[in-house]
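Some notes on the structure that comes next.
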Amino acid sequence: MSAVKSTVHALWLRVQEPRALSAIYFFAYLVISILGLAVVIDPPRTIQSSIGHALLVAWGTMLLIGGALGSVSVLPGIWWMERAATGFCMTAIAIYGATVCFMPVTQVSVRIASLCFIIFALLAFATRLVKIRHFAYDPEK
């Protein structure tokens with residue numbers, strides 16, 4: 001059992017500092033890639049009717065690529081790749097935000113809630129982008 005524990009500990013030590021933040025972003029990117037896969041496999045009809053099939057597939061593909069690139073690059077600190085991932089994610093989130101803005105809704109509060117979550121997601125990825133913008137890799141490695 002201690003061999004497994006030491007292996008897990010050794011892997012944890014290889015994660016980019018601050019490790020907890022990198023782990024949280026890993027799961028955020030993983031969720032984004034799952035969303036992209038779900039959109040590509042089973043497109044949401046309301047979004048598809050608003051933006052069309054081609055843009056919907058592009059949106060889902062951007063989510064999938066951004067999430068996959070981010071989850072692969074965030075733990076080891078490959079920032080040049082993660083910058084591309086955040087670009088894909090932020091573009092896809094912006095497409096969704098624009099779609100939500102122009103979709104007909106019966107309740108204004110639903111639209112406001114959706115837009116607030118979208119803006120929060122954009123700000124979270126923008127924060128990450130600001131943190132990694134200057135280097136291709138961790139400068140301390």
Within the 4.5 Å heavy-atom criterion, are [X] and [Y] side-chain neighbours or not?
X	Y	value
Lys131	Tyr25	no
Ser73	Phe26	no
Leu75	Arg19	no
Leu69	Phe88	yes
Val15	Trp12	yes
Ser33	Leu30	yes

Practice item. Quick one: do Thr91 and Ile95 satisfy side chain to side chain contact (heavy atoms under 4.5 Å, CB included)? Show the steps, please. Key: CA-CA 6 Å; Thr91 302; Ile95 289 170; 4.3 Å; yes
Examine distances only and state if a side-chain atom of [X] and a backbone atom of [Y] form a donor-acceptor pair shorter than 3.5 Å.
X	Y	answer
Arg83	Ile132	yes
Arg14	Leu11	no
Arg111	Cys101	yes

With rounding to the nearest 0.5 angstrom, report the [atom1] to [atom2] distance, [X] to [Y].
X	Y	atom1	atom2	result
Met90	Leu123	CE	CG	8.0 Å
Thr86	Phe125	OG1	CZ	8.0 Å
Thr61	Leu56	OG1	CG	9.0 Å
Trp59	Gln48	CH2	CD	10.5 Å
Glu17	Ser22	CD	OG	8.0 Å
Ile32	Met62	CD1	CE	12.5 Å

Practice item. Please report the closest heavy-atom contact between Ile118 and Gly97, naming both atoms and the distance. Key: CD1-CA, 3.6 Å
Point to revise | Trace of the side chain to side chain contact (heavy atoms under 4.5 Å, CB included) decision for Ile78 with Gln16 | key: CA-CA 9 Å; Ile78 306 171; Gln16 171 64 43; over 6 Å; no
Review point. Under 3.5 Å, is there a donor-acceptor pair between the Glu82 and Tyr29 side chains?
Key: yes
Point to revise | CA sep, side-chain torsions, deciding dist, call: Arg128, Val74, side chain to side chain contact (heavy atoms under 4.5 Å, CB included) | key: CA-CA 10 Å; Arg128 184 63 182 171; Val74 69; 3.4 Å; yes
